[in-house]
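Below, chains carry the letters A, B, ... as their sequence lines are ordered, and counting in each starts from 1. Side-chain atoms are counted along with the backbone in the values below, which use heavy atoms only and exclude waters and symmetry mates.
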Amino acid sequence: MTVAPSKPTRITNRIRVLRFGHDEMTQAQLAERIGVTRQTIIAIEQGRYSPSLEVAFQIAHVFGVPLDEVFQYPGVSTGSEEGQRR
Amino acid sequence: MSYEEKGVWAYLISSAGAYIAYLAIVVPRLLHTPVSQVSYRVPLLLTTIASVIIATVVRSVLEVARPSDSKKADVRDRDIARFGEHASRWCVVGGAIAGFIGAFDHWDYFWIGNVIYLGFVLWAVVGSVLRLVAYRRGL
């Protein structure tokens, strides 16, 4: 399940799902782990802010998954999907 | 609301409030006194200083009413601040250009000082509004 994108970014993400899958990690806990405010995590989850590449990698590292399992860009097949097809 | 967003609200309220107070003092004088004799320097300096004090007080009040999780600006705060500065800088440029035109055209010092001051006020207000929109609607 992905969060429906809203303006201004087309990037979608699964942060909410991943948080729930990691012992129901709160937004505040995730924010503390990557050194941003809780409001920034909320904005990223809701598609109101596209994080920098560095923050995106930090989020993926917290969940221990590749970047494209956290963030998706519509209309572009991900690296993992390509690998699975091969 | 993050600590930085509260700061933007405080800055907006203090900048707009101080300029309204300035106009409330100076405009009545302008109606009854020749422009060259209108005393505007003291109100301009005092309202500018007052706006800094009001911004600090408003931010403190907001913080007491709704304490923030963190007082450190993060990457999103910095991106939004950059966006606001970039998008509103034309106000300062416009004020400076108007000041130059006034000087070349021999305007009274009152008008030159006031168009430059207006440029700074617009820069503060427009920049703050754009930052608040970015906080609420996204960047």
Side-chain angles (χ1 to χ4, degrees), chain A residues 2-20 22-63 67-68 70-76, chain B residues 1-16 55-91 123-139:
Chain A
T2 57
V3 176
S6 61
K7 290 178 182 178
T9 179
R10 290 178 64 204
I11 297 172
T12 59
N13 68 79
R14 299 178 61 248
I15 295 173
R16 188 179 170 82
V17 175
L18 290 165
R19 280 196 300 107
F20 282 18
H22 281 73
D23 295 331
E24 300 195 358
M25 182 188 291
T26 64
Q27 290 168 329
Q29 287 169 333
L30 178 58
E32 194 178 349
R33 293 276 296 271
I34 60 173
V36 298
T37 62
R38 187 171 59 85
Q39 286 76 18
T40 294
I41 295 297
I42 293 169
I44 294 170
E45 278 193 10
Q46 294 178 347
R48 287 189 288 112
Y49 176 65
S50 295
S52 67
L53 197 54
E54 188 170 353
V55 171
F57 270 112
Q58 285 174 330
I59 294 171
H61 283 178
V62 167
F63 296 124
L67 192 62
D68 56 9
V70 183
F71 296 96
Q72 296 80 38
Y73 193 71
V76 178
Chain B
M1 193 188 298
S2 69
Y3 182 71
E4 290 299 314
E5 189 178 347
K6 285 177 195 150
V8 178
W9 273 110
Y11 189 53
L12 173 62
I13 291 166
S14 65
S15 303
T56 308
V57 172
V58 171
R59 190 174 195 168
S60 301
V61 169
L62 289 172
E63 191 57 31
V64 169
R66 295 179 68 178
S68 306
D69 301 334
S70 164
K71 290 186 178 176
K72 281 178 65 178
D74 69 3
V75 62
R76 177 169 164 262
D77 293 315
R78 287 191 289 274
D79 283 349
I80 288 175
R82 249 195 312 273
F83 161 72
E85 294 279 328
H86 182 80
S88 63
R89 66 183 173 184
W90 60 266
C91 297
W123 170 64
V125 171
V126 172
S128 300
V129 169
L130 290 174
R131 285 169 72 179
L132 290 173
V133 170
Y135 272 115
R136 296 288 153 163
R137 300 281 304 273
L139 185 63

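Residues of residues 32-41 of chain A lying under 4.5 angstrom from chain B, judged on non-hydrogen atoms, are A/Gly35, A/Val36, A/Thr37, A/Arg38, A/Gln39, A/Thr40 in numerical order. Residues from residues 74-85 of chain B that place a non-hydrogen atom less than 4.5 Å from a non-hydrogen atom of chain A comprise B/Asp74, B/Val75, B/Arg76, B/Asp77, B/Asp79, given in numerical order.
Side-chain atoms of A/Arg48 come within 3.5 Å of backbone N or O of B/Tyr135 as a donor-acceptor pair.
More than 12 heavy atoms of other shown residues, nucleotides or ligands fall within 6.0 angstrom of atom NE2 in A/His22.
Interface summary for chain A: among B/Lys72, B/Met1, B/Glu4, B/Glu5, the most heavy-atom pairs under 4.5 angstrom belong to B/Met1.
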